[in-house]
Amino acid sequence: MKTGTGALKPVYILAIETSCDETSVAVVKDGCEVLSNIISSQIETHRAFGGVVPEVASRKHVEVITLVIEEAMNAAAISPQNLTAVAVTQGPGLVGALLVGVVAAKSLALAWGKPLIGTHHIAGHIYANRLVKELQYPNMTLVVSGGHTELVLMEREGEFKIIGRTRDDAVGEAYDKVARALGFPYPGGPHVDRLAREAEVAFPLPRVWLEPGSYDFSLSGLKSAVLNAVNQSKMKGLEPDVAGIARGFQESVVEVLVEKAVRAVREFSAGQLLLCGGVAANKGLREALTLRCAAEGIELIIPPPVYCTDNAAMIGAAAYVKWKHEGGIPLDMVADPGFSLEKWSVSAY
């Protein structure tokens with residue numbers, strides 16, 4: 001360890017997550033034991049606007065951040081002096097929202113005399129899987145969220161290599177846009193998932209594979225195909241087959257995600273496949289990936305839904321890895337809405 005704390009001494013990290021529209025604070029022990037994980041959601045606020053409004057999100061974070069910190073500390077039954085470090089999402093995310101968490105974390109670190117750990121939001125999503133089971137290396141992660149769709153290889157602990165990413169819309173973004181076209185409110189993903197599983201027949205929609213061997217994703221064409229299907233029905237004076245379109249869209253998305261993830265596991269000899277991000281809560285994707293991995297003999301790890309959506313426990317899990325290998329960082333750290341996952345990799349090797 002570069003921390004000098006001793007390998008056997010428990011590490012207690014207070015973690016703060018404010019990258020988008022959830023204000024969350026958690027206390028995590030040794031990167032895998034969640035002592036508290038408090039989440040204040042803004043979904044009802046943003047539903048009126050049909051999506052997240054950055055300025056509104058930032059103001060809501062300011063309103064509740066101190067209350068959520070206090071609740072997390074009380075729920076964990078821990079005092080500031082027993083904390084090892086304070087971690088916070090440094091990026092990526094909405095810059096105003098990130099700033100609220102960063103300022104709060106810096107203030108606590110300075111007031112309590114604790115090291116600060118700037119943490120990557122996607123690294124947090126990936127290490128949410130360690131809250132479920134110990135990770136083996138190399139492993140492969142399928143990241144599916146509102147802003148990210150990526151395949152990430154970890155050959156060693158805390159070392160990230162992106163082998164595939166979306167070229168346009170992220171999966172969660174595409175779900176919300178399709179849901180809006182089908183007449184559902186924000187957030188639309190759960191509505192599409194529910195309808196897809198209820199529909200008897202899927203409306204035929206294309207699969208976007210891109211170039212042979214590519215691990216990248218593209219969802220803008222599929223989204224356009226959905227919009228065309230809806231508009232053509234309306235032009236004919238017919239009601240769109242909303243359930244059938246939802247099922248066709250979900251089956252198209254899931255088939256490509258599952259196929260590319262399984263192929264990546266094989267090519268890179270990964271010992272585990274991890275699923276993470278807000279869309280990891282999608283039942284259709286979870287079921288399809290579980291069945292395929294069972295048939296292929298691949299060990300699959302999927303966090304429970306509470307650790308799929310944005311939360312601070314995942315930030316604490318990732319921050320523990322950074323702490324083990326590098327310790328804290330200077331208090332002049334700044335929020336970075338375009339923070340690179342690969343550059344955040346630990347430098348211990």
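Quick caveat: nothing in here was measured; it's all calculated off a predicted structure. Computed over heavy atoms, backbone and side chain alike; hydrogens, waters and symmetry mates excluded. Along the sequence shown, the residues carry numbers beginning at 1.
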From the options N311, I38, I16, select the one residue that forms a side-chain contact (heavy atoms from CB on, under 4.5 Å) with S24.
->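 Running side-chain contact (heavy atoms from CB on, under 4.5 Å) over N311, I38, I16 with S24 returns exactly one hit, N311.
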Is it true that a side-chain atom of [X] and a backbone atom of [Y] form a donor plus acceptor pair closer than 3.5 Å?
X: D310; Y: E22; value: no
X: N231; Y: L227; value: yes
X: Y127; Y: G158; value: yes
X: S233; Y: A229; value: yes
X: K29; Y: V34; value: no
X: Q90; Y: D336; value: no
X: D193; Y: G189; value: no
X: T18; Y: A97; value: yes
X: S214; Y: L210; value: no
X: S252; Y: G248; value: no

Treat each ILVMFWY residue as a node, draw an edge where side-chain heavy atoms are under 4.5 Å apart, and state whether V144 and I298 are in one component.
-> yes
Under a 4.5 Å side-chain heavy-atom rule over Ile, Leu, Val, Met, Phe, Trp and Tyr, are V64 and V100 clustered together?
->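 V64 clusters together with V100.
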Using 4.0 Å as the upper bound for N to carboxylate O, is an ion pair formed by [Y] and [X]?
X: R130; Y: E134; answer: yes
X: R247; Y: E198; answer: no
X: E211; Y: R167; answer: yes
X: R180; Y: D176; answer: no
X: K234; Y: E239; answer: no

Check step by step if salt bridge (charged side-chain N to carboxylate O under 4.0 Å, His left out) holds for K177 and D169.
-> CA-CA 10 Å; K177 290 178 178 177; D169 292 345; 3.4 Å; yes
Do [X] and [Y] touch side chain to side chain, with heavy atoms closer than 4.5 Å?
X: H46; Y: V53; value: yes
X: L195; Y: F184; value: yes
X: V321; Y: V346; value: yes
X: W209; Y: E259; value: yes
X: L108; Y: I69; value: yes

Do H148 and H125 pass the side-chain contact (heavy atoms from CB on, under 4.5 Å) test, and can you show the C-alpha distance, the side-chain angles, and the key distance before you say yes or no?
-> CA-CA 11 Å; H148 298 266; H125 275 304; over 6 Å; no
Side-chain donor-acceptor pair present, [X], [Y], cut-off under 3.5 Å:
X: E17; Y: T89; answer: yes
X: D21; Y: H61; answer: no
X: E267; Y: Y215; answer: yes

Please work out which of the three classes, parallel, tilted or perpendicular, describes the rings of W344 and F160, given edges at 30° and 60°.
->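 Judged by the thresholds at 30° and 60°, the geometry between F160 and W344 is tilted.
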Pairwise distance CD(E63) to OG(S58) - rounded to 0.5 angstrom =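 Going from CD on E63 over to OG on S58, the span is 11.0 Å.
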Look up atom CG in L135 and atom SG in C32, then write down how far apart they are to the nearest 0.5 Å.
-> 10.0 Å
For the student: nearest non-hydrogen atoms of [X] and [Y], plus distance:
X: G277; Y: S145; answer: CA-CB, 4.2 Å
X: T141; Y: C276; answer: CG2-SG, 3.6 Å
X: P206; Y: L222; answer: O-CD1, 3.6 Å
X: K133; Y: I301; answer: CB-CD1, 4.1 Å
X: V132; Y: I302; answer: CG2-O, 4.3 Å

Give the table of side-chain donor-acceptor pairs shorter than 3.5 Å for residues 282-291, with sequence neighbours excluded, one pair per line with atom names and distance.
| from | atom 1 | to | atom 2 | distance (Å) |
| --- | --- | --- | --- | --- |
| N282 | OD1 | G284 | N | 3.0 |
| N282 | OD1 | L285 | N | 2.8 |
| N282 | ND2 | Q250 | OE1 | 3.0 |
| R286 | NH1 | A280 | O | 2.8 |
| R286 | NH1 | P303 | O | 3.2 |
| R286 | NH2 | P303 | O | 3.2 |
| T290 | OG1 | R286 | O | 2.6 |

Given the rule in the side-chain contact (heavy atoms from CB on, under 4.5 Å) test, do K260 and L151 qualify, once you have shown the distances and angles that lead to the verdict?
-> CA-CA 9 Å; K260 292 200 174 191; L151 280 168; 4.2 Å; yes
Stepwise side-chain contact (heavy atoms from CB on, under 4.5 Å) test for F339 and L98 = CA-CA 11 Å; F339 206 14; L98 290 169; over 6 Å; no
Could you tell me whether R292 atom CZ has more than 12 heavy atoms of other residues or ligands within 6.0 Å of it?
->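 It does: R292 CZ has more than 12 such atoms within range.
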Considering residues, nucleotides and ligands other than K223, do more than 12 of their heavy atoms fall under 6.0 Å from its NZ?
-> yes
Is the ring centre of Y175 less than 6.0 Å from the ring centre of F249?
->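 Y175 vs F249: aromatic centres under 6.0 Å.
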Working for side-chain contact (heavy atoms from CB on, under 4.5 Å), residues M73 and I78 | CA-CA 6 Å; M73 291 289 287; I78 194 169; 4.0 Å; yes
